[in-house]
Peer 1: 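Sharing a structure below in C-alpha coordinates format, with a few things to ask.
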2 protein chains.
Amino acid sequence: MSFTIKEASERLGCPAHTIRFYEKEGLLPYIKRDRHGNRLFEQDHLDWIRLMTCFRATGMKISLLKQMVNLALDGDATIPQRKAILNQYKEELFRRQNELAEALDAVNNKLAIYEEIEEGRLPSESRLLNQMEDRHNQPTKRE
Amino acid sequence: MSFTIKEASERLGCPAHTIRFYEKEGLLPYIKRDRHGNRLFEQDHLDWIRLMTCFRATGMKISLLKQMVNLALDGDATIPQRKAILNQYKEELFRRQNELAEALDAVNNKLAIYEEIEEGRLPSESRLLNQMEDRHNQPTKRE
DNA sequence: GCTTGCCTTAAAGTGTGCTTTAAGCCTTAA
DNA sequence: TTAAGGCTTAAAGCACACTTTAAGGCAAGC
(Lines give C-alpha, C1' and ligand atoms only; values in the text may rest on other atoms or scores of the structure.)
Protein backbone atom coordinates (compact mmCIF):
# COMPACT_ATOMS: atom_id res chain seq x y z
CA MET A 1 0.00 0.00 0.00
CA SER A 2 1.57 3.24 -1.19
CA PHE A 3 0.34 6.81 -1.15
CA THR A 4 0.69 9.63 -3.65
CA ILE A 5 1.99 12.93 -2.37
CA LYS A 6 -1.54 14.26 -2.36
CA GLU A 7 -2.76 11.41 -0.19
CA ALA A 8 0.22 11.81 2.12
CA SER A 9 -0.44 15.53 2.33
CA GLU A 10 -4.08 14.97 3.24
CA ARG A 11 -3.35 12.32 5.81
CA LEU A 12 -0.65 14.43 7.46
CA GLY A 13 -2.34 17.79 7.14
CA CYS A 14 0.94 18.99 5.68
CA PRO A 15 1.35 20.79 2.33
CA ALA A 16 2.72 18.64 -0.48
CA HIS A 17 5.31 21.33 -1.14
CA THR A 18 6.59 20.97 2.38
CA ILE A 19 6.92 17.23 2.00
CA ARG A 20 8.92 17.71 -1.19
CA PHE A 21 11.03 20.27 0.61
CA TYR A 22 11.76 17.73 3.35
CA GLU A 23 12.78 15.16 0.80
CA LYS A 24 15.06 17.67 -0.91
CA GLU A 25 16.65 18.40 2.47
CA GLY A 26 17.46 14.73 2.86
CA LEU A 27 14.93 14.03 5.60
CA LEU A 28 13.18 11.38 3.52
CA PRO A 29 15.71 9.08 1.94
CA TYR A 30 14.65 6.21 -0.27
CA ILE A 31 11.29 7.51 -1.33
CA LYS A 32 10.48 5.43 -4.37
CA ARG A 33 8.85 6.66 -7.55
CA ASP A 34 6.34 5.16 -9.95
CA ARG A 35 7.16 4.88 -13.64
CA HIS A 36 6.23 8.54 -14.15
CA GLY A 37 8.58 9.78 -11.47
CA ASN A 38 5.81 10.42 -8.94
CA ARG A 39 6.68 9.80 -5.31
CA LEU A 40 5.28 6.77 -3.55
CA PHE A 41 5.01 7.02 0.23
CA GLU A 42 4.75 4.02 2.52
CA GLN A 43 3.03 4.10 5.89
CA ASP A 44 6.47 4.24 7.55
CA HIS A 45 7.27 7.42 5.70
CA LEU A 46 4.06 8.97 6.94
CA ASP A 47 4.90 7.89 10.48
CA TRP A 48 8.34 9.41 10.21
CA ILE A 49 7.00 12.67 8.79
CA ARG A 50 4.48 12.82 11.59
CA LEU A 51 7.25 12.35 14.13
CA MET A 52 9.35 15.03 12.47
CA THR A 53 6.37 17.38 12.53
CA CYS A 54 6.00 16.74 16.23
CA PHE A 55 9.68 17.49 16.80
CA ARG A 56 9.64 20.52 14.53
CA ALA A 57 6.64 21.99 16.38
CA THR A 58 8.71 21.95 19.54
CA GLY A 59 11.75 23.61 18.10
CA MET A 60 13.94 20.86 16.71
CA LYS A 61 15.89 22.22 13.78
CA ILE A 62 15.85 20.60 10.38
CA SER A 63 19.62 20.30 10.48
CA LEU A 64 19.30 18.14 13.60
CA LEU A 65 16.63 15.98 12.03
CA LYS A 66 18.95 15.55 9.10
CA GLN A 67 21.78 14.50 11.39
CA MET A 68 19.53 11.84 12.85
CA VAL A 69 18.56 10.58 9.43
CA ASN A 70 22.18 10.38 8.40
CA LEU A 71 23.10 8.50 11.55
CA ALA A 72 20.22 6.09 11.06
CA LEU A 73 21.40 5.42 7.54
CA ASP A 74 24.76 4.42 8.97
CA GLY A 75 23.22 1.56 10.92
CA ASP A 76 22.79 0.46 14.52
CA ALA A 77 26.34 1.37 15.44
CA THR A 78 25.22 5.00 15.59
CA ILE A 79 22.49 4.38 18.13
CA PRO A 80 24.54 5.84 21.00
CA GLN A 81 24.93 9.06 19.05
CA ARG A 82 21.26 9.17 18.26
CA LYS A 83 20.46 8.61 21.92
CA ALA A 84 22.78 11.48 22.83
CA ILE A 85 21.00 13.78 20.40
CA LEU A 86 17.59 12.81 21.73
CA ASN A 87 18.70 13.26 25.31
CA GLN A 88 19.99 16.71 24.52
CA TYR A 89 16.75 17.55 22.78
CA LYS A 90 14.91 16.28 25.85
CA GLU A 91 16.83 18.80 27.96
CA GLU A 92 15.72 21.44 25.52
CA LEU A 93 12.12 20.31 25.95
CA PHE A 94 12.44 20.65 29.71
CA ARG A 95 13.86 24.14 29.27
CA ARG A 96 10.90 25.04 27.14
CA GLN A 97 8.51 23.64 29.68
CA ASN A 98 10.04 25.97 32.24
CA GLU A 99 9.77 28.91 29.89
CA LEU A 100 6.13 28.13 29.30
CA ALA A 101 5.44 27.85 33.01
CA GLU A 102 7.13 31.19 33.61
CA ALA A 103 5.22 32.87 30.81
CA LEU A 104 1.98 31.42 32.14
CA ASP A 105 2.75 32.85 35.57
CA ALA A 106 3.53 36.22 34.05
CA VAL A 107 0.31 36.24 32.03
CA ASN A 108 -1.79 35.31 35.03
CA ASN A 109 -0.10 37.97 37.08
CA LYS A 110 -0.77 40.58 34.41
CA LEU A 111 -4.39 39.48 34.09
CA ALA A 112 -4.81 39.77 37.86
CA ILE A 113 -3.42 43.29 37.75
CA TYR A 114 -5.87 44.22 35.00
CA GLU A 115 -8.71 42.88 37.13
CA GLU A 116 -7.62 45.01 40.03
CA ILE A 117 -7.38 48.08 37.89
CA GLU A 118 -10.84 47.40 36.50
CA GLU A 119 -12.20 47.12 40.00
CA GLY A 120 -10.50 50.33 41.02
CA ARG A 121 -8.21 48.66 43.50
CA LEU A 122 -5.10 49.76 41.60
CA PRO A 123 -4.52 53.26 40.20
CA SER A 124 -4.22 52.62 36.45
CA GLU A 125 -1.34 50.48 35.30
CA SER A 126 1.12 51.62 37.89
CA ARG A 127 4.01 49.39 36.96
CA LEU A 128 4.57 49.46 33.27
CA LEU A 129 3.57 51.39 30.24
CA ASN A 130 1.43 54.08 31.73
CA GLN A 131 4.14 55.02 34.13
CA MET A 132 6.49 55.48 31.23
CA GLU A 133 3.97 57.93 29.89
CA ASP A 134 3.74 59.73 33.22
CA ARG A 135 7.47 60.08 33.45
CA HIS A 136 7.52 61.61 30.03
CA ASN A 137 6.75 64.96 31.61
CA GLN A 138 8.91 64.66 34.68
CA PRO A 139 12.50 65.74 35.28
CA THR A 140 15.24 63.12 34.95
CA LYS A 141 17.41 62.11 37.86
CA ARG A 142 20.59 61.24 35.98
CA GLU A 143 22.43 63.77 33.84
CA MET B 1 18.10 55.97 38.97
CA SER B 2 18.62 55.50 35.24
CA PHE B 3 20.67 53.03 33.25
CA THR B 4 22.67 53.40 30.08
CA ILE B 5 21.97 50.96 27.29
CA LYS B 6 25.09 49.07 28.26
CA GLU B 7 23.95 48.68 31.84
CA ALA B 8 20.50 47.66 30.67
CA SER B 9 22.04 45.16 28.32
CA GLU B 10 24.16 43.63 31.08
CA ARG B 11 21.32 43.45 33.57
CA LEU B 12 18.99 41.86 31.03
CA GLY B 13 21.52 39.63 29.32
CA CYS B 14 20.20 41.06 26.08
CA PRO B 15 22.32 42.70 23.34
CA ALA B 16 22.16 46.48 23.21
CA HIS B 17 21.38 46.25 19.52
CA THR B 18 18.31 44.20 20.30
CA ILE B 19 17.10 46.76 22.80
CA ARG B 20 17.51 49.50 20.23
CA PHE B 21 15.68 47.33 17.75
CA TYR B 22 12.78 46.95 20.19
CA GLU B 23 12.62 50.69 20.68
CA LYS B 24 12.59 51.25 16.94
CA GLU B 25 9.72 48.77 16.67
CA GLY B 26 7.73 50.85 19.11
CA LEU B 27 7.92 48.41 22.01
CA LEU B 28 9.61 50.95 24.27
CA PRO B 29 7.83 54.28 24.03
CA TYR B 30 9.00 57.25 26.00
CA ILE B 31 12.57 56.24 26.56
CA LYS B 32 14.24 59.47 27.56
CA ARG B 33 17.67 60.64 26.43
CA ASP B 34 20.50 62.49 28.12
CA ARG B 35 21.87 65.69 26.61
CA HIS B 36 24.00 63.68 24.18
CA GLY B 37 21.05 61.72 22.86
CA ASN B 38 21.96 58.56 24.79
CA ARG B 39 19.06 56.47 26.03
CA LEU B 40 18.21 56.43 29.73
CA PHE B 41 16.37 53.35 30.97
CA GLU B 42 14.35 53.27 34.18
CA GLN B 43 13.80 50.14 36.22
CA ASP B 44 10.30 49.90 34.79
CA HIS B 45 11.71 49.71 31.31
CA LEU B 46 13.95 46.87 32.33
CA ASP B 47 10.98 45.11 33.92
CA TRP B 48 8.96 45.52 30.75
CA ILE B 49 11.80 44.29 28.55
CA ARG B 50 12.21 41.29 30.80
CA LEU B 51 8.52 40.53 30.50
CA MET B 52 8.68 40.89 26.73
CA THR B 53 11.66 38.55 26.64
CA CYS B 54 9.67 36.02 28.59
CA PHE B 55 6.75 36.32 26.18
CA ARG B 56 9.01 36.27 23.14
CA ALA B 57 10.74 33.09 24.33
CA THR B 58 7.37 31.38 24.31
CA GLY B 59 6.35 32.47 20.86
CA MET B 60 4.59 35.80 21.24
CA LYS B 61 5.14 37.82 18.12
CA ILE B 62 6.57 41.30 18.18
CA SER B 63 3.52 42.60 16.35
CA LEU B 64 1.36 41.39 19.23
CA LEU B 65 3.62 42.98 21.82
CA LYS B 66 3.33 46.17 19.83
CA GLN B 67 -0.45 45.94 19.83
CA MET B 68 -0.36 45.66 23.59
CA VAL B 69 1.91 48.66 23.90
CA ASN B 70 -0.37 50.70 21.68
CA LEU B 71 -3.43 49.70 23.66
CA ALA B 72 -1.69 50.55 26.92
CA LEU B 73 -0.83 53.96 25.56
CA ASP B 74 -4.52 54.52 24.91
CA GLY B 75 -5.32 54.17 28.59
CA ASP B 76 -7.35 51.97 30.91
CA ALA B 77 -10.31 51.87 28.56
CA THR B 78 -8.40 49.31 26.49
CA ILE B 79 -7.92 46.88 29.37
CA PRO B 80 -10.65 44.53 28.12
CA GLN B 81 -8.86 44.27 24.77
CA ARG B 82 -5.55 43.64 26.48
CA LYS B 83 -7.16 40.97 28.61
CA ALA B 84 -8.54 39.37 25.48
CA ILE B 85 -5.10 39.31 23.90
CA LEU B 86 -3.53 37.78 26.98
CA ASN B 87 -6.25 35.18 27.27
CA GLN B 88 -5.72 34.19 23.66
CA TYR B 89 -2.00 34.00 24.25
CA LYS B 90 -2.70 31.84 27.28
CA GLU B 91 -4.55 29.40 25.04
CA GLU B 92 -1.52 29.37 22.82
CA LEU B 93 0.66 28.56 25.83
CA PHE B 94 -1.59 25.63 26.69
CA ARG B 95 -1.35 24.38 23.11
CA ARG B 96 2.40 24.55 23.34
CA GLN B 97 2.39 22.69 26.61
CA ASN B 98 0.52 19.91 24.88
CA GLU B 99 2.96 19.89 22.01
CA LEU B 100 5.85 19.65 24.42
CA ALA B 101 4.21 16.79 26.29
CA GLU B 102 3.63 14.94 23.03
CA ALA B 103 7.18 15.49 21.87
CA LEU B 104 8.47 14.31 25.22
CA ASP B 105 6.40 11.14 24.88
CA ALA B 106 7.73 10.58 21.39
CA VAL B 107 11.33 11.09 22.49
CA ASN B 108 10.98 8.70 25.38
CA ASN B 109 9.37 6.15 23.15
CA LYS B 110 12.20 6.45 20.63
CA LEU B 111 14.80 6.18 23.37
CA ALA B 112 13.10 3.06 24.68
CA ILE B 113 13.21 1.52 21.22
CA TYR B 114 16.91 2.30 20.94
CA GLU B 115 17.49 0.58 24.28
CA GLU B 116 15.71 -2.50 23.06
CA ILE B 117 17.70 -2.59 19.86
CA GLU B 118 20.90 -2.22 21.84
CA GLU B 119 19.88 -5.12 24.01
CA GLY B 120 19.01 -7.19 20.97
CA ARG B 121 15.33 -7.40 21.81
CA LEU B 122 14.37 -5.63 18.60
CA PRO B 123 15.77 -6.36 15.14
CA SER B 124 17.46 -3.10 14.19
CA GLU B 125 15.21 -0.11 13.74
CA SER B 126 12.25 -1.93 12.35
CA ARG B 127 9.85 0.95 12.10
CA LEU B 128 11.56 3.88 10.48
CA LEU B 129 14.60 4.71 8.54
CA ASN B 130 16.23 1.38 8.17
CA GLN B 131 13.10 -0.12 6.79
CA MET B 132 13.07 2.55 4.13
CA GLU B 133 16.46 1.37 3.18
CA ASP B 134 15.32 -2.27 3.12
CA ARG B 135 12.42 -1.45 0.89
CA HIS B 136 14.72 0.27 -1.48
CA ASN B 137 15.49 -3.08 -3.08
CA GLN B 138 12.02 -4.56 -3.04
CA PRO B 139 9.25 -4.50 -5.65
CA THR B 140 6.53 -1.91 -5.28
CA LYS B 141 2.90 -2.77 -4.71
CA ARG B 142 1.28 0.17 -6.41
CA GLU B 143 1.79 0.94 -10.12
C1' DG C 1 -7.62 16.48 -29.79
C1' DC C 2 -7.87 19.44 -26.08
C1' DT C 3 -8.69 20.97 -21.53
C1' DT C 4 -8.14 20.06 -16.65
C1' DG C 5 -5.57 18.79 -13.04
C1' DC C 6 -2.06 16.70 -10.66
C1' DC C 7 2.61 15.67 -10.95
C1' DT C 8 7.62 17.13 -11.67
C1' DT C 9 11.83 20.45 -11.00
C1' DA C 10 14.57 24.51 -9.91
C1' DA C 11 14.62 28.86 -8.35
C1' DA C 12 13.04 32.88 -6.39
C1' DG C 13 10.35 35.09 -2.75
C1' DT C 14 8.48 35.73 2.05
C1' DG C 15 8.15 36.50 7.09
C1' DT C 16 10.28 36.91 11.40
C1' DG C 17 13.65 38.51 14.37
C1' DC C 18 17.36 39.76 15.00
C1' DT C 19 22.56 40.91 13.83
C1' DT C 20 26.00 43.20 11.47
C1' DT C 21 27.89 46.94 9.03
C1' DA C 22 28.96 51.60 8.08
C1' DA C 23 29.45 56.25 9.09
C1' DG C 24 29.86 59.51 12.36
C1' DC C 25 29.78 62.10 17.13
C1' DC C 26 31.36 62.69 21.97
C1' DT C 27 34.32 61.76 25.96
C1' DT C 28 38.18 60.23 28.19
C1' DA C 29 42.96 58.56 28.78
C1' DA C 30 47.66 58.67 27.08
C1' DT D 1 46.19 65.99 20.05
C1' DT D 2 45.18 61.84 19.00
C1' DA D 3 43.54 57.25 19.55
C1' DA D 4 40.19 54.19 21.88
C1' DG D 5 35.85 53.13 23.02
C1' DG D 6 31.11 53.91 23.73
C1' DC D 7 27.13 56.05 21.88
C1' DT D 8 24.08 57.37 17.74
C1' DT D 9 21.50 56.27 13.13
C1' DA D 10 20.02 53.93 8.90
C1' DA D 11 20.46 50.25 6.17
C1' DA D 12 21.94 45.97 4.73
C1' DG D 13 22.59 41.10 5.78
C1' DC D 14 21.53 36.63 7.76
C1' DA D 15 19.28 32.27 9.44
C1' DC D 16 15.54 29.51 9.20
C1' DA D 17 11.71 27.23 7.24
C1' DC D 18 8.93 27.24 4.38
C1' DT D 19 5.96 29.12 0.26
C1' DT D 20 5.26 30.65 -4.18
C1' DT D 21 6.30 30.92 -8.91
C1' DA D 22 7.44 29.28 -13.36
C1' DA D 23 7.87 25.98 -16.81
C1' DG D 24 6.73 21.81 -18.29
C1' DG D 25 5.11 16.44 -18.55
C1' DC D 26 1.50 12.93 -18.36
C1' DA D 27 -3.27 11.03 -18.17
C1' DA D 28 -8.10 10.92 -17.94
C1' DG D 29 -12.58 12.89 -19.41
C1' DC D 30 -15.31 15.54 -22.82
Side-chain angles (χ1 to χ4, degrees), chain A residues 2-28 31-41 45 48-69 89 92 96 99 103 140 142-143, chain B residues 2-41 45 48-69 89 92 96 99 103 140 142-143:
Chain A
S2 303
F3 305 99
T4 65
I5 198 166
K6 196 187 185 193
E7 288 162 348
S9 166
E10 281 161 1
R11 266 156 223 257
L12 295 166
C14 174
H17 273 296
T18 302
I19 298 174
R20 290 193 198 98
F21 168 73
Y22 286 162
E23 196 203 9
K24 202 174 62 182
E25 292 297 303
L27 304 184
L28 297 171
I31 294 282
K32 288 192 295 292
R33 307 297 184 108
D34 67 14
R35 70 169 179 277
H36 308 301
N38 294 353
R39 291 171 185 80
L40 292 177
F41 296 87
H45 295 123
W48 172 234
I49 295 171
R50 216 185 288 279
L51 184 63
M52 289 198 293
T53 301
C54 172
F55 286 177
R56 284 282 313 114
T58 50
M60 184 178 281
K61 298 217 167 152
I62 281 180
S63 58
L64 198 54
L65 284 170
K66 185 163 184 190
Q67 270 186 54
M68 293 209 294
V69 170
Y89 170 54
E92 177 67 25
R96 282 175 198 259
E99 287 174 342
T140 323
R142 178 195 263 250
E143 280 285 336
Chain B
S2 303
F3 306 100
T4 66
I5 199 166
K6 195 187 186 195
E7 289 162 348
S9 166
E10 280 160 1
R11 267 155 221 259
L12 295 167
C14 172
H17 274 296
T18 302
I19 299 175
R20 288 193 199 98
F21 168 74
Y22 286 164
E23 196 203 7
K24 202 174 62 183
E25 293 297 303
L27 304 184
L28 297 171
Y30 303 120
I31 295 280
K32 287 191 297 292
R33 306 297 184 107
D34 68 14
R35 69 167 180 277
H36 307 301
N38 294 354
R39 292 170 184 78
L40 291 176
F41 296 87
H45 296 125
W48 171 233
I49 294 171
R50 215 185 289 280
L51 184 62
M52 287 198 294
T53 302
C54 172
F55 286 176
R56 285 282 311 115
T58 49
M60 185 179 280
K61 299 221 165 148
I62 282 180
S63 58
L64 198 53
L65 284 169
K66 185 161 183 191
Q67 269 185 55
M68 292 207 296
V69 170
Y89 170 54
E92 176 68 24
R96 283 175 197 260
E99 287 174 342
T140 321
R142 179 195 263 250
E143 278 288 333

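Letters go in sequence order (proteins before strands), and every chain restarts at 1. Quantities reported herein were computed from a predicted structural model and do not represent experimental measurements.
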Peer 1: Could you tell me how far apart B:Asn38 (CG) and D:dT9 (C1') are, to the nearest whole angstrom?
Peer 2: 12 Å
Peer 1: Could you tell me how far apart A:Met60 (CE) and D:dA17 (P) are, to the nearest whole angstrom?
Peer 2: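 Distance, rounded to whole Å: 11 Å.
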Peer 1: Given that B:Gly59 and A:Lys6 both sit by DNA chain C, which one's nearest nucleotide is further toward the 5' end?
Peer 2: A:Lys6
Peer 1: Using a heavy-atom cut-off of 4.0 Å to chain B, what are the terminal contacting nucleotides of DNA chain C, in 5' to 3' order?
Peer 2: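 First-to-last contact on DNA chain C, by the 4.0 Å heavy-atom rule, is C:dG17 to C:dT27.
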Peer 1: Can you measure from CG (B:Asn38) to CZ (B:Arg35) and round to the nearest 0.5 angstrom?
Peer 2: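 So the gap between those two atoms works out to 10.0 Å.
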Peer 1: Using atom CD of B:Glu25 as one end and atom P of D:dT9 as the other, report the distance to the nearest whole Å.
Peer 2: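 Distance, rounded to whole Å: 14 Å.
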Peer 1: Where the side chain of A:Lys61 is defined as all heavy atoms beyond and including C-beta, which of D:dC26, D:dG6, D:dC16 is the nearest nucleotide?
Peer 2: D:dC16
Peer 1: Quickly work out the B:Phe21 CZ to D:dT8 C1' distance and round it to whole Å.
Peer 2: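 Nearest whole value for this atom pair: 18 Å.
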Peer 1: Report the distance from atom CG of A:Leu64 to atom P of D:dA15, rounded to the nearest whole Å.
Peer 2: 18 Å
Peer 1: What is the distance from NE2 of B:His17 to C1' of D:dC7, rounded to the nearest Å?
Peer 2: 10 Å
Peer 1: So, taking the atom named OG1 in B:Thr18 and the one named CZ in B:Arg56, what distance separates them when rounded to the nearest 0.5 Å?
Peer 2: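 Going from OG1 on B:Thr18 over to CZ on B:Arg56, the span is 10.5 Å.
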Peer 1: Between B:Asp34 (CG) and D:dG6 (C1'), how many Å, whole number?
Peer 2: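 Answer to the nearest Å: 12 Å.
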Peer 1: Using purine N1 to pyrimidine N3 plus N6-O4 or O6-N4 for Watson-Crick, or N1-O2 and O6-N3 for G-U wobble, each under 3.5 Å, what pairs with C:dA30?
Peer 2: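 Result: D:dT1.
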Peer 1: Looking only at heavy atoms, which two atoms of A:Ser9 and A:Ala16 are closest? And how far apart?
Peer 2: OG-N, 3.6 Å
Peer 1: Look at the side-chain N and O atoms of A:Thr18 and state whether any lies under 4.0 Å from the OP1 or OP2 oxygen of D:dT19.
Peer 2: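 It does, given that an N or O in the side chain of A:Thr18 lies less than 4.0 Å from OP1 or OP2 of D:dT19.
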Peer 1: Tell me: CZ of B:Arg35 to P of D:dC7, nearest whole Å?
Peer 2: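 Interatomic distance, CZ of B:Arg35 to P of D:dC7: 16 Å.
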Peer 1: Check the pair B:Phe21 / B:Ile62 against side-chain contact (heavy atoms from CB on, under 4.5 Å), numbers first and verdict last.
Peer 2: CA-CA 11 Å; B:Phe21 168 74; B:Ile62 282 180; 3.7 Å; yes
Peer 1: Which pair of non-hydrogen atoms, one from A:Phe41 and one from A:Ile5, has the smallest distance, and what is that distance?
Peer 2: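 Between these two residues, the closest heavy atoms are CE1-CA, 3.6 Å.
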Peer 1: Counting just side-chain N and O atoms, does A:Arg56 come under 4.0 Å of either OP1 or OP2 of D:dC18?
Peer 2: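 A:Arg56 to D:dC18 OP1/OP2: side-chain N or O found under 4.0 Å.
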Peer 1: Of B:Tyr22 and A:Arg20, whose closest DNA chain C nucleotide lies nearer the 5' terminus?
Peer 2: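 Nearest nucleotide further toward 5': that of A:Arg20.
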Peer 1: Check this for me: does any side-chain nitrogen of one of B:Arg33 and B:Glu23 sit under 4.0 Å from a carboxylate oxygen of the other?
Peer 2: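 Judged by the 4.0 Å cut-off on N to carboxylate O distance, B:Arg33 and B:Glu23 do form a salt bridge.
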Peer 1: Which residue lies toward the 5' end of DNA chain D, A:Lys24 or B:Glu23, if each is placed at its nearest nucleotide?
Peer 2: B:Glu23
Peer 1: Could you give the distance from CZ (A:Arg20) to CZ (A:Arg39), rounded to the nearest 0.5 Å?
Peer 2: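 One finds 5.5 Å between CZ of A:Arg20 and CZ of A:Arg39.
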